[in-house]
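Here the structure is a predicted model, which means the values were calculated and not measured. To find a chain, count down the sequence lines: A is the first, B the second, and so on, and within it residues start at 1.
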Amino acid sequence: MRIATWNINSIRARADRALAFLEREDVDVLALQETKCKDAQFPREAFEAAGYEIATFGFSQWNGVAILSRVGLDDVTPGFDGQPEFGETPAVEARALGATCGGVRVWSLYVPHGRALDNPHYAYKLAWLGRLREHAVAWADAGDKVALVGDWNVVPLDTDVWDVAAFEGQTHVSEPEREAFRAFAEAGYTEVSRQFLPDEHRYTYWDYQQLRFPRNEGMRIDFAYTSPALTPLVTDVRIDRDERRGKGASDHVPVIVDVDTSAL
DNA sequence: ATGGCGAGCGGAGCTCGA
């Protein structure tokens, strides 16, 4: 089974690219982030015609997550219990969606950005990751095969960005964020993109501005954490860097995880 | 060259992103 995760930066602007990607890479399950639409606005028809079931979770033009699957889509869960809220009128944002696909519990995650170290969004980000980790521990203890995939908005290592000094004092590289990210590994999860692609300066995101992609000045912020029961079944991970090329690309590229489900 | 912000909303210029 092939699972992919992709911050697509608007599904309506890039439905064609998503369809081409699914076909090109023969993807079974696609976790999307930043769909940027309400559930009713999601362009379902083209994906259904291609053989996918669709679960969406979106309230507005902000955030939004979805899961497409052609290997089953069960127990769909918008958000996780106790998910921290944000906003003037605090509310759960559309940043997490769980579904069971072909024996694997997949969570499409769009971790809050943080905005700045002194911004309330930063505390929100840390609380959000902390609460998710509590669930992750319980799922691992239960022996579940869990894939926590998405845009984590954390740069775990200095070598996951072209010039870490340029990010001094900013979000994504701060120690509390890195600690919150590592906490999943300490809970027994394995970030399998690192396992299969350990080389430095291998990015999943390049800003639209300042020729970041042509200069290969990017960041590695999209990851796939697998639970102890799932990790041994992962046979390969790839980053589809070519998806960043050309007109109309998202600023993120897909991360592709292959799972041996022959025993499931 | 793989390219110089992009998307949504709304109908200009703002918010958000990382």
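Two rings, from W128(A) and Y110(A), have their centers 6.0 Å or more apart.
One atom, NE2 of H121(A), and another, P of dC16(B), lie 9 Å apart when rounded to the nearest Å. The distance between atom OH of Y205(A) and atom P of dC16(B), rounded to the nearest whole Å, is 16 Å. The distance between atom CG of N9(A) and atom C1' of dC5(B), rounded to the nearest whole Å, is 10 Å. Put simply, CG on N216(A) is 19 Å from P on dA1(B), counting in whole angstrom units. The distance from atom CD1 of I8(A) to atom C1' of dA7(B) is 13 Å, rounded to the nearest whole Å. Rounded to an integer number of Å, the gap from Y208(A) OH to dG6(B) P is 8 Å.
When L230(A), V192(A), T231(A), T235(A) are each tested for a side-chain contact (heavy atoms from CB on, under 4.5 Å) with V259(A), only one passes: L230(A).
Mapping G248(A) and F167(A) onto DNA chain B by nearest heavy atom places G248(A) at the nucleotide closer to the 5' end.
Between Y225(A) and W152(A), the angle of the ring planes goes over 60°, which puts this pair in the perpendicular group of the 30/60° scheme. Ring pair W162(A)/F167(A) is perpendicular by interplanar angle, where above 60° counts as perpendicular and below 30° as parallel.
No side-chain donor from either of S250(A) and E243(A) sits under 3.5 Å from a side-chain acceptor of the other.
In this structure H201(A) satisfies the side chain to side chain donor-acceptor pair (under 3.5 Å) test together with Y203(A), sequence neighbours excluded.
For R14(A), taking side-chain heavy atoms from C-beta onward, the closest of the listed nucleotides dG3(B), dT2(B), dG6(B) is dG6(B).
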Can you tabulate the close N/O pairs, meaning under 3.5 Å, that link protein atoms to atoms of nucleotides 8-14 of chain B?
from	atom 1	to	atom 2	distance (Å)
dG8(B)	OP1	S10(A)	OG	2.6

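Heavy atoms of Q210(A) sit under 4.0 angstrom from primed sugar atoms or phosphate atoms, though from no base atom.
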